Amino acid sequence: MKRIGILSDTHSCWDDRYATHFAGCDEIWHAGDIGDIGLLQKLEGVAPVVRAVSGNIDHGEVTRRCPEVQEFTIEGVNVWMTHIGGYPGKYARGVKPLLRAKCIKLMVTGHSHILKVIYDPELEMLHINPGAAGQQGWQQVRTLVRPTIDNGTIKDLEVIELSKKIQQ
């Protein structure tokens, strides 16, 4: 069983509540638009494993370290994470056949700043966009997501809402 902390679109914004809410997580996944590499380094102090993809605002050390796509299996669940990939009913070009061919069961994206947790019955796959954790953008509430993955099952998913104000 693995507890996962998921966030996206921090745009270099660190909030101490990331560490508070992700304490005890086995892994933290960042779905792009990280901003400053120092943010990933802080997340590495919170969980033993940090996985991240680069987003459209990322450059320099972030893009050298973080690929555009991460594909991996955890607790029997095939995961595909990218910053811009669309969502069920509106996937980015070429994404749906790839998800089908690779038997992806969990797709994680960012970019829209809109929290979305949608099950795609056609692909038998869960899509998670954790919304935006940073201050950049129009969102009034910053969000994080915290699911548990256990022996092929994604369960106990929590949505954590953060006010616009940063805690440091």
Side-chain angles (χ1 to χ4, degrees), residues 1-75 77 79-87 92 104 106-118 126-150 154-168:
M1 180 170 70
K2 301 281 186 186
R3 192 76 167 138
I4 311 296
I6 305 175
L7 74 167
S8 184
D9 295 279
T10 49
H11 294 263
S12 300
C13 171
W14 175 260
D15 187 317
D16 287 342
R17 290 174 290 185
Y18 304 158
T20 300
H21 290 294
F22 292 160
C25 284
D26 299 289
E27 297 193 9
I28 297 173
W29 302 346
H30 195 304
D33 279 3
I34 296 158
D36 188 276
I37 194 70
L39 190 129
L40 282 184
Q41 293 165 342
K42 286 182 179 181
L43 290 174
E44 289 169 340
V46 176
V49 175
V50 174
R51 301 178 195 255
V53 294
S54 60
N56 57 297
I57 66 110
D58 291 318
H59 62 280
E61 185 65 25
V62 173
T63 56
R64 285 190 291 277
R65 182 168 161 198
C66 303
E68 287 184 28
V69 173
Q70 287 235 18
E71 184 182 334
F72 53 95
T73 300
I74 184 168
E75 286 286 314
V77 173
V79 180
W80 195 76
M81 181 168 61
T82 193
H83 186 59
I84 303 172
Y87 52 89
I104 300 300
L106 176 58
M107 176 185 184
V108 178
T109 64
H111 187 61
S112 70
H113 292 219
I114 300 169
L115 170 70
K116 289 186 181 189
V117 178
I118 304 170
L126 184 65
H127 168 270
I128 298 174
N129 182 325
Q135 288 188 304
Q136 182 96 7
W138 54 267
Q139 71 281 355
Q140 294 300 305
V141 177
R142 299 178 303 121
T143 50
L144 312 170
V145 176
R146 197 172 51 197
T148 297
I149 303 176
D150 186 13
I154 304 157
K155 62 183 187 178
D156 302 331
L157 187 141
E158 298 173 89
V159 172
I160 300 156
E161 293 185 348
L162 305 173
S163 65
K164 274 291 235 186
K165 186 176 179 179
I166 302 299
Q167 281 190 351
Q168 294 185 3

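Here the structure is a predicted model, which is why all the values come from computation and not from measurement.
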Can you measure from NZ (K155) to CD1 (I149) and round to the nearest 0.5 angstrom?
11.0 Å
Could you measure the distance from the CG atom of D33 to the SG atom of C13? Nearest 0.5 Å is fine.
13.0 Å
Just wondering, do L162 and Y18 contact through their side chains at under 4.5 Å, heavy atoms?
yes
With a 3.5 Å distance limit and no angle check, can you tell me whether T143 reaches the backbone of L115 through a side-chain donor-acceptor pair?
no
Evaluate the side-chain contact (heavy atoms from CB on, under 4.5 Å) criterion for residues W14 and L43: first the C-alpha distance (whole Å), next the side-chain angles of each, then the deciding distance (0.1 Å), finally the verdict.
CA-CA 9 Å; W14 175 260; L43 290 174; 3.7 Å; yes
For the backbone of I6 and the side chain of R146, can you confirm whether one donor and one acceptor N or O come within less than 3.5 Å of each other?
no
For side-chain contact (heavy atoms from CB on, under 4.5 Å), just list the numbers for S163 and V141, CA-CA rounded to whole Å, side-chain angles, deciding distance to a tenth of an Å, and then say yes or no.
CA-CA 5 Å; S163 65; V141 177; over 6 Å; no
Test item: H111 and N56 side chains (from C-beta on) under 4.5 Å apart, heavy atoms:
yes
So CD1 of I4 and OG1 of T148: to nearest 0.5 Å the spacing works out to 8.0 Å
Assess whether a salt bridge exists between K2 and D150, defined as any Lys/Arg side-chain N lying under 4.0 Å from an Asp/Glu carboxylate O.
no
For V53, all residues meeting side-chain contact (heavy atoms from CB on, under 4.5 Å), sequence neighbours excluded:
Q70, M81
Non-hydrogen side-chain atoms of V49 and D26 separated by less than 4.5 Å:
no
Among all residues two or more places apart in sequence or in another chain, which pass the side-chain contact (heavy atoms from CB on, under 4.5 Å) test with S112?
I114, N129
Using atom types as modelled and distance alone, determine if a side-chain donor or acceptor of D156 lies under 3.5 Å from a backbone N or O of P147.
no
With sequence neighbours excluded, what pairs up with T20 under the side-chain contact (heavy atoms from CB on, under 4.5 Å) test?
none
Closest non-hydrogen contact found for P67 with A52 is CD-O, 3.7 Å
So do L7 and F22 actually touch side chain to side chain, heavy atoms under 4.5 Å?
yes
Has E68 got more than 12 heavy atoms of other residues, nucleotides or ligands less than 6.0 Å from its CD?
no
Are any non-hydrogen side-chain atoms of L40 and C66 less than 4.5 angstrom apart?
yes
Dump the intermediate steps for side-chain contact (heavy atoms from CB on, under 4.5 Å) on I74 and F72, then the final yes or no.
CA-CA 7 Å; I74 184 168; F72 53 95; 4.2 Å; yes
Looking at G131 and D9, what are the two nearest heavy atoms and their distance?
O-OD2, 4.1 Å
Charged N-O contact under 4.0 Å between D15 and R142
yes
Using 0.5 Å steps for rounding, measure from the CD1 atom of I160 to the CG atom of L144.
5.0 Å
With a 4.5 Å heavy-atom cut-off, do V46 and C25 have their side chains touching?
no
Taking the side chain as every heavy atom from C-beta outward, state whether V117 and H127 have any atom pair closer than 4.5 Å.
no
What's the verdict on side chain to side chain donor-acceptor pair (under 3.5 Å) for S54 and H83, showing C-alpha distance, side-chain angles and the deciding distance?
CA-CA 7 Å; S54 60; H83 186 59; over 6 Å; no
Distance col, row L39:CG vs I37:CD1, nearest 0.5 angstrom, shows 9.0 Å
Quick check: does any side chain N or O of S8 sit under 3.5 Å from a backbone N or O of H30, one acting as donor and the other as acceptor?
no
E161 atom CD, neighbour heavy-atom count above 12 within 6.0 Å:
no
Before giving the answer on side-chain contact (heavy atoms from CB on, under 4.5 Å), spell out for T82 and T109 the whole-Å C-alpha distance, their side-chain angles and the decisive distance to 0.1 Å.
CA-CA 5 Å; T82 193; T109 64; 4.3 Å; yes
If you measure from CD1 on I104 to OG1 on T73, what distance do you get to the nearest 0.5 Å?
7.5 Å
